[in-house]
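As the structure is a computational prediction, the values presented were derived from the model and not from experiment.
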Amino acid sequence: QVQLVESGGGLVQPGGSLRLSCAASGSIFSINAMGWYRQAPGKQRELVAHITSGGITDYADSVRGRFTISRDNAKNTVYLQMNNLRPEDTAVYYCKGWFREDSGYSVSDYWGQGTQVTVSS
């Protein structure tokens, strides 16, 4: 069992910045990958950014160049630095992780509870 806890959301003006954190805890043998997703009311959840255990990153076209995903392996934590925020970035942001809990082949995924990001003047 793995728990993910997000933090760092809030209200920010257009053009501002926020840094989200997601800390994983529990029965973690290794982390395959972690990512950030977001979901606005009435819309489907979408991938925002993703980072593998090897540090390879990927971004949605809408955030590339503005957002940066990073990790701190020692803390089992992934971050999302969001710069030049736009109103359309408003959503609940969810952290997701893929973990090996006690084997080298079985991978389980877990979601955090989400943190609200609101970009408004």
Side-chain angles (χ1 to χ4, degrees):
Q1 180 79 343
V2 176
Q3 297 80 42
L4 300 176
V5 179
E6 301 106 328
S7 62
L11 175 65
V12 65
Q13 292 186 326
S17 298
L18 284 174
R19 184 178 178 88
L20 306 183
S21 299
C22 174
S25 62
S27 181
I28 300 173
F29 179 79
S30 64
I31 303 175
N32 281 21
M34 299 186 77
W36 288 96
Y37 296 72
R38 67 186 182 188
Q39 187 168 23
K43 295 186 177 181
Q44 293 185 339
R45 189 170 297 186
E46 63 175 347
L47 174 69
V48 175
H50 180 271
I51 186 167
T52 71
S53 61
I56 305 301
T57 60
D58 194 20
Y59 298 91
D61 289 341
S62 59
V63 308
R64 187 175 292 109
R66 300 187 297 120
F67 292 9
T68 302
I69 188 170
S70 61
R71 73 191 194 280
D72 185 332
N73 292 333
K75 297 181 179 179
N76 289 335
T77 299
V78 65
Y79 305 94
L80 185 68
Q81 178 67 47
M82 305 185 294
N83 298 326
N84 193 23
L85 284 160
R86 305 166 179 170
E88 53 263 40
D89 295 319
T90 296
V92 177
Y93 283 71
Y94 297 90
C95 176
K96 184 178 183 180
W98 291 261
F99 305 90
R100 288 185 168 89
E101 296 180 64
D102 59 6
S103 76
Y105 64 89
S106 181
V107 179
S108 300
D109 61 280
Y110 294 86
W111 290 92
Q113 81 286 351
T115 185
Q116 177 71 48
V117 172
T118 302
V119 184
S120 177
S121 60

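- Looking only at side-chain heavy atoms (C-beta outward), N76 and F99 stay at 4.5 Å or farther from each other.
- Here L11 contributes atom CG and S121 contributes atom OG; the two are 9.5 Å apart, rounded to the nearest 0.5 Å.
- Remark: the backbone N or O of Q113 is paired with a side-chain donor or acceptor of E6 at under 3.5 angstrom.
- Between W98 and S108, the closest side-chain pair of non-hydrogen atoms is not below 4.5 Å.
- The shortest heavy-atom contact between G8 and L18 is O-CD2, 3.8 Å.
- Side chains of N83 and S17: a donor-acceptor N/O pair is present below 3.5 angstrom, by distance only.
- Rounding to the nearest 0.5 Å gives a distance of 10.5 Å between OH of Y79 and CE of M34.
- Side-chain contact between F67 and L85 is present, with heavy atoms from C-beta onward closer than 4.5 Å.
- You'll find the side chain of V117 reaches within 4.5 Å of the side chain of M82, heavy atoms only.
- Looking at R71, its side chain never comes within 3.5 Å of a backbone N or O of A33 through a donor-acceptor pair.
- S70 and R19 make their closest contact through OG-NH2, 4.1 Å (heavy atoms, listed as atom of the first residue, atom of the second, distance).
- Between L80 and R38, every side-chain heavy-atom pair lies at or beyond the 4.5 Å cut-off.
- For the atom pair CD1 (I56) and NE2 (H50), the distance works out to 11.0 Å, reported to the nearest 0.5 Å.
- Side-chain atoms of Q1 do not come within 3.5 Å of backbone N or O of S27 as any donor-acceptor pair.
- Evaluated for a side-chain contact (heavy atoms from CB on, under 4.5 Å) with V78, the options L20, I31, I51 yield exactly one hit, I51.
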Please test Y93 against T115 for side chain to side chain contact (heavy atoms under 4.5 Å, CB included), starting from the C-alpha separation and ending with a verdict. CA-CA 5 Å; Y93 283 71; T115 185; 4.2 Å; yes
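- Under a hydrophobic clustering in which Ile, Leu, Val, Met, Phe, Trp and Tyr are joined whenever their side-chain heavy atoms come within less than 4.5 Å, directly or via other members, V48 and W111 fall into different clusters.
- If you chain together hydrophobic residues whose side chains sit under 4.5 Å apart, Y37 and V107 fall into the same group.
- In terms of heavy-atom proximity, T90 sits nearest to A40 at O-CB, 3.8 Å.
- The number of heavy-atom neighbours closer than 6.0 Å to CD of Q44, taken from other residues, nucleotides and ligands shown, is 12 or below.
- Of the residues E101, Q3, K96, the one that meets the side-chain contact (heavy atoms from CB on, under 4.5 Å) test with Y110 is E101.
- At a cut-off of 3.5 Å, with distance as the only test, no side-chain donor of R86 or N84 sits close to an acceptor on the other residue.
- In this structure a side-chain-to-backbone donor-acceptor pair under 3.5 Å is present from Y59 to I69.
- Atom CG of N73 and atom OG of S53 lie 8.5 Å apart (nearest 0.5 Å).
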